[in-house]
Undergrad: 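Got a structure here, written out as structure tokens. Questions coming.
We name chains A, B, ... by the order of the sequence lines, and we start the count at 1 in each one.
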Protein chains: 2
Amino acid sequence: MDVHVRDLRYFAAVAEELSFTRAAERLYVSQPALSKQIRALERQLGFPLFERRPREIALTPQGAALLPAARELAAGWAEAVRAARTAGPAESLAVGMQTAVGRELQRKVLARFRERGWRISLRLVNWEDPTAGLAGGGADAAFCWLPVPGVGAELTAKVLVREERWVALPRGHRFADRAEVAFAELLDEPFVALPRSAGPLRDFWLGTAEREGREPVVALEASSPEEVFEAVGAGLGVVLLAEGNARLYPRPDVVSVPVRGLAPSELALVWRADDDRREVAEFTAAFREAAGPAGGGDRHGGRAGQRTRQGT
Amino acid sequence: MDVHVRDLRYFAAVAEELSFTRAAERLYVSQPALSKQIRALERQLGFPLFERRPREIALTPQGAALLPAARELAAGWAEAVRAARTAGPAESLAVGMQTAVGRELQRKVLARFRERGWRISLRLVNWEDPTAGLAGGGADAAFCWLPVPGVGAELTAKVLVREERWVALPRGHRFADRAEVAFAELLDEPFVALPRSAGPLRDFWLGTAEREGREPVVALEASSPEEVFEAVGAGLGVVLLAEGNARLYPRPDVVSVPVRGLAPSELALVWRADDDRREVAEFTAAFREAAGPAGGGDRHGGRAGQRTRQGT
DNA sequence: TACGGCTATAACCGGTGGCTATGGACGTCC
DNA sequence: GGACGTCCATAGCCACCGGTTATAGCCGTA
């Protein structure tokens with residue numbers, strides 16, 4: 001019947017939450033989108049999956065019968081993809097990363113493994129997937145900014161770098177010449193946000209936790225660094241970013257300034273907790289020792305206080 | 001990894017044929033579409049599935065490892081859907097049909113089962129699916145025009161009605177007043193065709209087998225009866241149709257005439273050969289006895305020779 | 001060398017999956 | 001009892017995707 005596996009995930013989520021609204025939140029999609037997809041699935045199947053009663057919903061007998069298969073098939077496929085990857089050349093790893101390119105620590109370790117003949121394929125994954133391909137079997141390890149959903153459960157994370165959050169501003173901005181900014185001063189600024197599907201990361205880079213309930217002003221959403229800087233450079237909004245990334249992406253029309261009053265950001269190496277292949281163990285161990293016990297000295301010199309100016 | 005099951009079917013087909021061109025034919029899609037989908041799948045997975053060599057292609061080790069899982073996901077889902085349907089109310093059947101509405105035989109038998117309290121849900125399925133939902137678990141039985149791919153193997157068919165093929169013409173057409181037409185006279189007429197994805201049915205209703213290699217002129221494709229008659233009525237082309245359907249769809253601007261020199265069309269009840277549920281057995285048995293041993297006396301009186309005129 | 005078979009690319013187009021905004025039906029709370 | 005809150009469905013909109021045809025490029029063969 002040519003179903004999309006995504007719809008199976010949706011189905012399972014609604015069945016677990018027994019609520020479209022809650023399931024939609026968990027899946028990082030809007031409630032109408034979820035509603036529509038489930039209805040389409042029911043229509044395709046020819047029988048209802050849920051009984052919509054006021055105040056609550058319940059699985060129909062058919063839905064209950066189908067649920068285990070849906071879960072199992074989705075999980076089985078992800079597992080098969082991982083297994084298939086190991087059928088490729090030995091000592092090869094797929095490493096996902098979401099823009100965390102360029103930090104010294106990673107470069108060195110990756111280079112070392114490459115020299116030893118490993119085939120490390122770096123897969124640049126966009127922000128739609130907060131686990132950078134780990135959940136779906138698309139990667140064996142990933143450099144992710146925390147928080148990542150699933151860490152502590154099916155995923156294990158090792159913090160590599162802890163960096164202050166800075167803010168990127170258009171050149172002419174009234175804070176562009178400041179040595180630093182208090183986050184409280186930014187509360188009413190229009191922000192460039194990650195897409196909703198980025199999950200908790202979106203909130204993190206909007207500083208939601210530090211806003212004490214005040215809604216952020218989202219000027220627009222962007223799903224790649226280029227888009228973000230384009231938007232900031234054009235004066236459409238400002239954006240938080242890790243100190244290291246402020247250096248990494250020099251752009252003519254963008255200025256970055258440290259922000260006081262924000263918890264630091266953490267770049268971590270993440271892998272599947274139940275993945276016991278030698279390659280993964282060796283790879284992650286290399287980082288664990290390089291980063292030290294406490295998890296991540298700052299490899300980038302100059303902490304907050306000295307600011308960089310980018311542009312001509 | 002949120003794959004679409006259709007892509008897995010595509011993957012399996014290419015793996016079996018070891019040729020994009022042949023697989024595309026088998027799947028009733030164009031070769032570029034298949035090529036693109038496979039590439040997209042490989043890109044999503046992060047590893048190649050096929051090794052493209054000049055003159056032939058081969059599975060990569062990863063592809064070979066993934067193939068069984070792909071097959072299993074596709075088959076497993078269809079099976080789970082069928083199983084789930086049986087979890088619904090007992091003595092209920094999903095019956096697919098592709099425009100074969102209205103023939104006496106079916107109406108009577110369906111009514112009889114309905115009176116006995118069975119829940120027969122008729123699912124009108126479009127022509128894109130030549131098995132009317134049987135293959136994907138969307139239906140337990142279906143009224144189909146032969147040929148249906150899979151009959152003789154995983155599907156069993158019982159011919160219910162054998163009807164001459166007529167041709168529907170726009171009112172002003174030069175054959176519109178004829179008592180009958182030889183198919184040879186129609187060879188150069190522009191035809192309204194079923195979509196390519198309809199599979200063998202497309203060829204059957206274009207009369208390809210009786211053309212002796214002469215390519216049909218396809219004026220346009222239509223994927224519903226309404227579209228077909230709209231097109232014919234507008235004079236865009238002509239179309240073959242079963243004698244019964246010529247009566248069933250009276251349209252002001254369309255005239256139907258018998259055609260000599262064409263094998264008759266056969267409307268069949270089709271079900272899964274391995275489906276041994278009591279409901280299916282009882283349902284199909286009712287038709288088998290009603291239609292008689294040889295498979296389908298013509299239930300519609302008036303055979304070719306007496307023609308109907310439709311319209312004002 | 002020309003041709004034929006096969007795959008990849010380009011350009012285009014409709015349907016689908018996502019979003020926001022809003023409606024409607026219940027419970028709940030003042 | 002009425003206002004509100006909550007939850008699901010609907011409407012309208014837009015971007016992307018999966019399909020198409022046409023064509024280019026590559027290779028083996030006649």
Undergrad: May I ask you to evaluate whether B:Ser35 reaches the phosphate of C:dA8, defined as a side-chain N or O under 4.0 Å from OP1 or OP2?
TA: yes
Undergrad: Tell me, please, whether B:Phe47 has A:Arg82 positioned over its six-membered ring: NZ or CZ under 6.0 Å from the ring centre and within 45 degrees of its axis?
TA: no
Undergrad: Could you list the residues that satisfy side-chain hydrogen bond (donor to acceptor under 3.5 Å, both in side chains) with A:Thr21, not counting sequence neighbours?
TA: none
Undergrad: Report the distance from atom CZ of A:Arg202 to atom C1' of C:dG18, rounded to the nearest whole Å.
TA: 14 Å
Undergrad: Is it true that A:Arg251 and A:Glu230 have a side-chain N and a carboxylate O under 4.0 angstrom from each other?
TA: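 So A:Arg251 pairs with A:Glu230 through a salt bridge.
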Undergrad: Extract from the structure each pairing of a protein N or O with an N or O of nucleotides 19-23 of chain C at less than 3.5 Å, listing the distance.
TA:
unit_1, atom_1, unit_2, atom_2, d
C:dC19, OP1, A:Ser30, N, 3.4
C:dC19, OP2, A:Ser30, N, 2.8
C:dC19, OP2, A:Ser30, OG, 2.6
C:dT20, OP1, A:Arg196, NH2, 3.4
C:dT20, OP2, A:Arg196, NH2, 3.1

Undergrad: I would like to know whether A:Arg165 and A:Glu210 meet salt bridge (charged side-chain N to carboxylate O under 4.0 Å, His left out); could you show each step before the answer?
TA: CA-CA 12 Å; A:Arg165 277 184 277 180; A:Glu210 285 87 353; 3.1 Å; yes
Undergrad: In this structure, how many angstroms lie between the C1' atom of C:dG17 and the CD atom of A:Gln44, rounded?
TA: 14 Å
Undergrad: Quickly work out the B:Phe20 CZ to C:dT9 C1' distance and round it to whole Å.
TA: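 After rounding, the gap between these two atoms is 14 Å.
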Undergrad: Please enumerate all residues that pass ring-ring contact (aromatic ring centres under 6.0 Å, His included) together with B:Phe11, with sequence neighbours excluded.
TA: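 Testing B:Phe11 for ring-ring contact (aromatic ring centres under 6.0 Å, His included), a comparison that skips the adjacent residues, returns B:Phe50.
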Undergrad: B:Ile38 CD1 to C:dC6 P: how many Å, rounded?
TA: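 To the nearest whole Å, that distance equals 17 Å.
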Undergrad: Taking 4.0 Å as the cut-off, does a side-chain nitrogen or oxygen of A:Arg52 come that near to OP1 or OP2 on C:dG24?
TA: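 So the side chain of A:Arg52 is outside the cut-off, no N or O lying under 4.0 Å from OP1 or OP2 of C:dG24.
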Undergrad: Would you mind reading off the distance between A:Asp7 atom CG and C:dT16 atom P, rounded to a whole angstrom?
TA: 13 Å
Undergrad: Hey, what do you get for CD1 (A:Ile57) to CZ (A:Phe20), rounding to the nearest 0.5 Å?
TA: 4.5 Å
Undergrad: Between atom CZ in A:Arg6 and atom P in C:dT16, what is the gap in whole Å?
TA: 13 Å
Undergrad: Establish, with yes or no, whether the OP1 or OP2 oxygen of C:dT7 is under 4.0 angstrom from a side-chain nitrogen or oxygen of B:Thr21.
TA: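 Affirmative; the distance criterion is met.
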Undergrad: Sorted by first residue and then second, give each side chain to side chain donor-acceptor pair (under 3.5 Å) pair with at least one member in residues 29-40 of chain A; sequence neighbours left out.
TA: A:Asp7-A:Gln37
Undergrad: With a 4.0 Å cut-off on heavy atoms, is B:Tyr10 in touch with a base, just the backbone sugar-phosphate, or nothing at all?
TA: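 Sugar-phosphate contact only - B:Tyr10 comes under 4.0 Å of backbone atoms but never of a base.
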Undergrad: Does A:Glu154 have any salt bridge (charged side-chain N to carboxylate O under 4.0 Å, His left out) partners at least two apart in sequence or in another chain, and if so, which?
TA: none
Undergrad: B:Val239 pairs by side chain to side chain contact (heavy atoms under 4.5 Å, CB included) with which of B:Val228, B:Leu169, B:Leu194?
TA: B:Val228
Undergrad: Can you give me the first and the last nucleotide of DNA chain D (5' to 3') that has an atom within less than 4.0 angstrom of a non-hydrogen atom in chain A?
TA: D:dT6 to D:dT10
Undergrad: Quickly work out the B:Arg53 CZ to C:dG5 C1' distance and round it to whole Å.
TA: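 One finds 18 Å between C1' of C:dG5 and CZ of B:Arg53, rounded.
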